[in-house]
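Computed from heavy atoms alone, side chains included, the values below leave out hydrogens, waters and symmetry copies.
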There are 2 protein chains.
Amino acid sequence: MQDVSETRLTFKAATLRRDSLQQQIYDHLRSDIMTGVFRPGETLSSRSLATELGVSAMPVREALTRLTTEGALELTTSRTLRLRLLTPEDFDEITAIRTDLEGMAAERAAEQITGDSLARIGKLNDDLTAAANSGDADRYLKANATYHAEIYKISGWPLLLSMIERLWLIVGPSIRTCVPDRDHMATSQGFHDAVMTALTKGDAKAVRAAIVDDIQTAAHDIRAFLASGQKH
Amino acid sequence: MQDVSETRLTFKAATLRRDSLQQQIYDHLRSDIMTGVFRPGETLSSRSLATELGVSAMPVREALTRLTTEGALELTTSRTLRLRLLTPEDFDEITAIRTDLEGMAAERAAEQITGDSLARIGKLNDDLTAAANSGDADRYLKANATYHAEIYKISGWPLLLSMIERLWLIVGPSIRTCVPDRDHMATSQGFHDAVMTALTKGDAKAVRAAIVDDIQTAAHDIRAFLASGQKH
DNA sequence: CACTGCAATCTGAGATCGCAGATCAACGAT
DNA sequence: ATCGTTGATCTGCGATCTCAGATTGCAGTG
C-alpha cells in the first residue's frame with residue numbers, strides 16, 4: 001500500500017507525497033474507528049496491520065501511538081493495544097463535554113452560516129434521512145458523522161472541530177454497538193430536522209438546543225447499554 | 001538519558017521501566033512547552049534533541065509527532081518542526097474553548113471538593129502568591145499551571161483535564177512571551193483569591209465565574225500582544 | 001565585487017533488525 | 001486424566017541505516 005484510501009492512485013500518491021504514510025494510515029484508522037468498523041475491546045497490533053496494509057511496522061506504530069494518546073486505544077498489561085472500553089462514568093464525562101463543545105460549535109455555525117453552506121447542510125440532512133429510512137446502520141453512521149462534522153466546520157474553528165472529533169473517536173465504537181436501531185434513527189432524525197429549521201431561521205440558540213437534545217438522547221440509549229453489561 | 005526528568009535515577013528507571021522512553025520524552029517536552037521553556041516559532045529537531053538527551057532519534061521523533069498532532073508544533077514547508085505561531089484568530093478560538101472547558105471543570109470541582117483537596121488547593125494558592133510576589137516569571141508560570149491543573153483534577157474527569165492541557169500546550173509559549181508582568185500577576189492573583197473564597201463557600205457558579213474572569217483577563221493582554229506583531 | 005552553481009549538511013520519514021516481556025499451546029511427569 | 005513446565009510466537013519498543021527534499025555555505029566564474 002502506498003495510499004490507504006485509494007489503491008488505484010498508488011503511484012500518483014507515492015510520487016506527489018500528498019501526505020506521509022503515517023498520516024494516511026492515521027486518517028484511515030481514525031475514520032474507521034469513528035464509524036465503528038472496529039468493536040470496543042478489539043485488539044490492534046502494529047505488525048499485523050502493517051502486513052495487512054503492505055507497509056513496514058513503523059508508520060503503523062506511530063499512527064497507533066497517536067490514537068493511544070487521544071484515548072481511542074489503550075495499552076493492556078500484556079502490552080497489546082486494544083480499542084478502549086468505556087465505563088458508564090467515562091461515557092457521562094464524554095457526553096458532558098460533547099454537549100458543551102458541539103453545542104458551542106453548532107451555535108457559532110448558525111451565526112456564521114451562508115446560503116451555500118446552508119444548502120449543503122440541507123443536502124446532507126436529506127442523505128441522512130435516506131440512510132435512516134434504508135435501515136443500513138453503517139451508511140447511517142457515516143452520513144451522521146459527516147452531517148455533524150460539516151455543521152461544525154461552518155463555525156470556522158478548526159481546533160474546536162478537532163477536539164470534537166477526538167471525542168467521537170472515543171465514543172465511536174460504543175455507538176456502533178448499540179445504535180443500529182430503527183427507533184433511535186427515527187427520533188434522532190427529528191432533532192436533525194429541528195436543526196435544519198432553526199438554521200434556516202437563523203436561530204442560533206435553537207440550533208444549539210437541538211444538537212444538545214440529539215446528543216443527550218443518544219447518550220441515554222448508549223448509557224443504558226453500557227450499564228447493562230457490554231456484549232461485544 | 002534513560003529517565004528524562006531525573007537523571008540521577010537513570011538506572012532505576014531503566015530497570016523498572018516506569019514508562020516507555022517515548023512517553024517520558026513526550027511528558028518532558030509537553031511540560032516544557034506548557035510552561036514556556038520554548039519560544040513561539042522556535043524550531044525543534046528530532047536528531048538534535050535526541051543527541052542532547054542521549055537517546056536515539058526514534059522515541060524523540062514519535063514524541064514530536066504526537067505534539068504536532070495536538071497542534072503544539074507545526075511542520076514548515078522546509079520539513080522542519082517549529083513551535084506553532086498563533087494568529088489572533090487562533091487565540092480567540094482557544095480562549096472561547098478554554099472558558100467553556102475550564103469553567104466546566106472548575107464548577108464541577110467545586111461540587112466534588114473535599115476538605116483535604118480544599119486544603120491542598122489553599123496551599124498551592126499560597127505558593128502562587130509567593131511566586132507572584134517574588135517576581136520570578138518562570139516560577140509563577142509553573143505554580144500557576146499546577147494550581148489550575150490540581151483544581152481541574154478534583155472534577156474527577158481525566159479526559160476533561162487532558163483536553164484542557166492540550167489547550168495549554170498550544171497557548172503556553174505565547175503566554176510565556178507576554179505574561180512576565182507584575183501587573184498581570186497581581187490582577188490574576190485577585191481572581192485566584194476569589195476562586196479560593198468561592199471554593200470554601202462551596203459556591204460552584206462563583207468558582208466558574210472567577211476562573212473565566214482569570215482566563216479572559218489574561219487573554220486580553222495576550223491578544224493585544226499578538227495583534228501588535230509578535231517579537232520573539 | 002556580484003552572481004551562479006555545486007556539494008556538504010541539515011531536516012523528517014521509512015525499513016529492518018534485535019530485545020524483552022507476555023501469552024499460549026504442546027509435551028512430559030505424576 | 002491432570003497439573004506443571006517449557007519453548008515457540010506473539011506483542012510493543014528502541015537503535016541503526018538509508019533516502020529524498022531543502023537549506024546553507026563555499027568556491028568558481030563573469
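- If you take CG of B/Leu81 and C1' of C/dT11, they are 9 Å apart, rounded to a whole angstrom.
- Whole-Å rounding puts the B/Arg61 CZ to C/dG14 P distance at 7 Å.
- Atom CG of B/Leu21 and atom P of D/dT16 are 13 Å apart (whole Å).
- Not a single donor-acceptor pair under 3.5 Å links the side chain of B/Ser188 to the backbone N or O of B/Met185.
- If A/Pro59 and B/Ser45 are placed on DNA chain C by their nearest nucleotide, the residue sitting closer to the 5' end is B/Ser45.
- Straight-line distance from the CZ atom of A/Arg79 to the P atom of D/dG14: 10 Å, rounded to whole Å.
- For A/Glu150 (side chain) and A/Leu124 (main-chain N/O), no donor-acceptor pair under 3.5 Å exists by modelled atom type.
- One interatomic measurement links the two molecules: CG of B/Leu67 to C1' of C/dG12, which rounds to 15 Å at whole-angstrom precision.
- Residue B/Ser56 places at least one side-chain N or O closer than 4.0 Å to OP1 or OP2 of D/dA15.
- A donor-acceptor pair is defined here as one N or O able to donate and one able to accept, closer than 3.5 Å; no such pair exists between the side chain of B/Arg82 and the backbone of B/Glu42.
- Rounded to whole Å, the distance from CG on B/Asp19 to C1' on D/dC13 is 13 Å.
- There is a side-chain donor-acceptor pair under 3.5 Å between A/Thr87 and A/Asp90.
- Here the P atom of nucleotide C/dC10 and the CZ atom of B/Arg47 are 10 Å apart, to the nearest Å.
- Within the nucleic acid shown, A/Gln22 comes within 4.0 Å of sugar-phosphate atoms alone, with no base atom in reach, counting heavy atoms only.
- Taking for each of B/Met58 and B/Ser78 the nucleotide of DNA chain D with the nearest heavy atom, the 5'-most of the two is the partner of B/Met58.
- Here C/dC10 presents its C1' atom at 14 Å from CG of B/Leu49, a figure rounded to the nearest Å.
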